[in-house]
Amino acid sequence: MSASDCGTGGYRGFRTAVVPAAGLGTRFLPTTKTVPKELLPVLDTPAIEYVAAEAARAGADRLVLVVSPGKESVAAYFDSNPDLEAELRGQGRDALLAKVRRAPGLIRVEVAVQRKPLGLGHAVGCAEPLLAEDEDAVAVLLPDDFVLPTGVLGTMAAIRRRHGGSVLCAFDVPRERISAYGVFEVEDTDDPDVRRVRGMVEKPAPEAAPSTLAAAGRYLLDRAVFDALRRIVPGAGGELQLTDAVALLIDEDHPVHVVVHHGERHDLGTPAGLLRASVDFALADSDVGPELRRWLRDRVERETT
């Protein structure tokens, strides 16, 4: 692991995925006094491993974890553990050994330190010194946004190769719930699931929302975003917002598109969201699912009688 302190045609694929992981996880206290939120499991696997696997499948060969001081242990999850592996091998526990080896074999992991909590835009900017000069795009994956199925980042990369610029992920949200999200103002393209973005509105009233397409936590950003981050004005608390940088690029006619993703989204930043994701994964698990399904059915019946 290495650490860094933060102070239209011909588009190549991205090689680096940035994962902002500097938050304190206050909604999960007291657990997060000692366990980083990103290592809390969805069923039996930390959310950060799912994110790393998603990035690797889409073509990334490096994951940059942006962490606050003291959270470098998140990156340690991707280190191998020879003693544990030897113990499991000696016990003949091959299935468990494969699980332990899975994360270290996924992707190369590096760390950037965000020394002050100055917003998502600032966190993304902390990864810039780690990029090679020839990298013209970077993926950003928010670990709290669990986007299922997990192939959307690959689709976004294909759209960037076609249209250039930056590509974001969007969900079609019922209008009555739209005020909880950042919402895109869009125009159609020849693909019903790809829209050109003309503006963004944060948490609009339902009747004022320019569309029902809400931002999800997946971004494939042209490297121009770092210049935009240096030019935007900090908001409340001195924070730099990534959406403000994207909005600046849109104003300057930088091409920005959204891919409308048809699937599910779990908010792993709340205990309820993490629980729902774990239940979904458990129900799909051949070992755990059948018994859990029976228990849930009986539990709901008792609740309603």
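Computed from a predicted structure; not experimentally measured.
- Nearest approach of Ala22 to Ser68, heavy atoms of both residues: O-OG, 3.1 Å.
- Val35 and Val42 end up in the same hydrophobic cluster when Ile, Leu, Val, Met, Phe, Trp and Tyr side chains are linked at under 4.5 Å.
- Remark: side-chain polar atoms of Arg218 are paired, donor with acceptor, to backbone N or O of Asp145 under 3.5 angstrom.
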Exercise for review: Run the numbers on Arg15 and Leu131 for side chain to side chain contact (heavy atoms under 4.5 Å, CB included), then give the verdict.
Suggested key: CA-CA 9 Å; Arg15 303 202 305 269; Leu131 300 182; over 6 Å; no

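- Within the 3.5 Å criterion, the main-chain N or O of Pro46 finds no donor-acceptor partner in the side chain of Glu49.
- In this structure, Arg175 places its CZ atom where more than 12 heavy-atom neighbours from other residues, nucleotides or ligands lie under 6.0 Å away.
- Linking Ile, Leu, Val, Met, Phe, Trp and Tyr whenever their side-chain heavy atoms come within less than 4.5 Å leaves Val246 and Leu118 in two separate clusters.
- Shown here for Thr16 and Val138, the closest heavy-atom pair between the two residues is O-CG2, 3.4 Å.
- For the residue pair Arg196 and Thr189, no side-chain donor N or O sits within less than 3.5 Å of a side-chain acceptor on the partner.
- Leu153 and Leu148 fall within a single hydrophobic cluster, where Ile, Leu, Val, Met, Phe, Trp and Tyr side chains are chained together by heavy-atom contacts under 4.5 Å.
- There is a side-chain donor-acceptor pair under 3.5 Å between Arg102 and Thr45.
- Across Tyr181 and Pro204, no two heavy atoms sit closer than the pair O-CD, 3.6 Å.
- Here Glu264 does not pair with Arg276 in a salt bridge; the nearest charged N to carboxylate O distance is not below 4.0 Å.
- Side-chain atoms of Arg57 do not come within 3.5 Å of backbone N or O of Gly151 as any donor-acceptor pair.
- Lys37 places no side-chain N or O within 3.5 Å of a backbone atom of Leu268 that could act as its donor or acceptor partner.
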Exercise for review: Show your working on salt bridge (Lys or Arg N to Asp or Glu O under 4.0 Å) between Arg265 and Asp280 and close with a plain yes or no.
Suggested key: CA-CA 11 Å; Arg265 174 188 186 185; Asp280 268 359; over 6 Å; no

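- A distance-only check finds no donor-acceptor pair linking the side chain of His122 to the backbone of Leu229 [under 3.5 Å].
- In terms of heavy-atom proximity, Asp79 sits nearest to Pro104 at O-CG, 3.6 Å.
- The backbone N or O of Ala76 sits nowhere less than 3.5 Å from a side-chain atom of Ser73 that would complete a donor-acceptor pair.
- The residues Asp144 and Arg27 are annotated as not salt-bridged, no charged nitrogen and carboxylate oxygen being separated by less than 4.0 angstrom.
- Using a 4.0 Å cut-off between a side-chain N of Lys or Arg and a carboxylate O of Asp or Glu, Arg299 and Glu303 qualify as a salt bridge.
- Ring pair Phe146/His266 is tilted by interplanar angle, where 30° to 60° counts as tilted.
- Residues Pro210 and Phe184 fail the side-chain proximity criterion, which asks for heavy atoms closer than 4.5 Å.
- In this structure the side chain of Val279 reaches within 4.5 angstrom of the side chain of Leu296, judged on heavy atoms.
- The closest donor-acceptor contact from the side chain of Arg195 to the backbone of Val260 lies at 3.5 Å or more, if one exists at all.
- At a threshold of 4.5 Å between side-chain heavy atoms, the hydrophobic network of Ile, Leu, Val, Met, Phe, Trp and Tyr places Ile232 and Val140 in one connected group.
- Within 6.0 Å of the CD atom in Gln91, the count of heavy atoms belonging to other residues, nucleotides or ligands exceeds 12.
- Between the side chains of Asp222 and Ser166, no donor-acceptor pair is found at a separation under 3.5 Å.
- With Glu72 contributing its side chain and Gly70 its backbone, the two residues share a donor-acceptor pair below 3.5 Å.
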Practice item. Apply side chain to side chain contact (heavy atoms under 4.5 Å, CB included) to Leu24 and Thr32, showing your working. Key: CA-CA 7 Å; Leu24 298 178; Thr32 46; over 6 Å; no

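- Shown here for Leu130 and Val64, the closest heavy-atom pair between the two residues is CD1-CG1, 3.7 Å.
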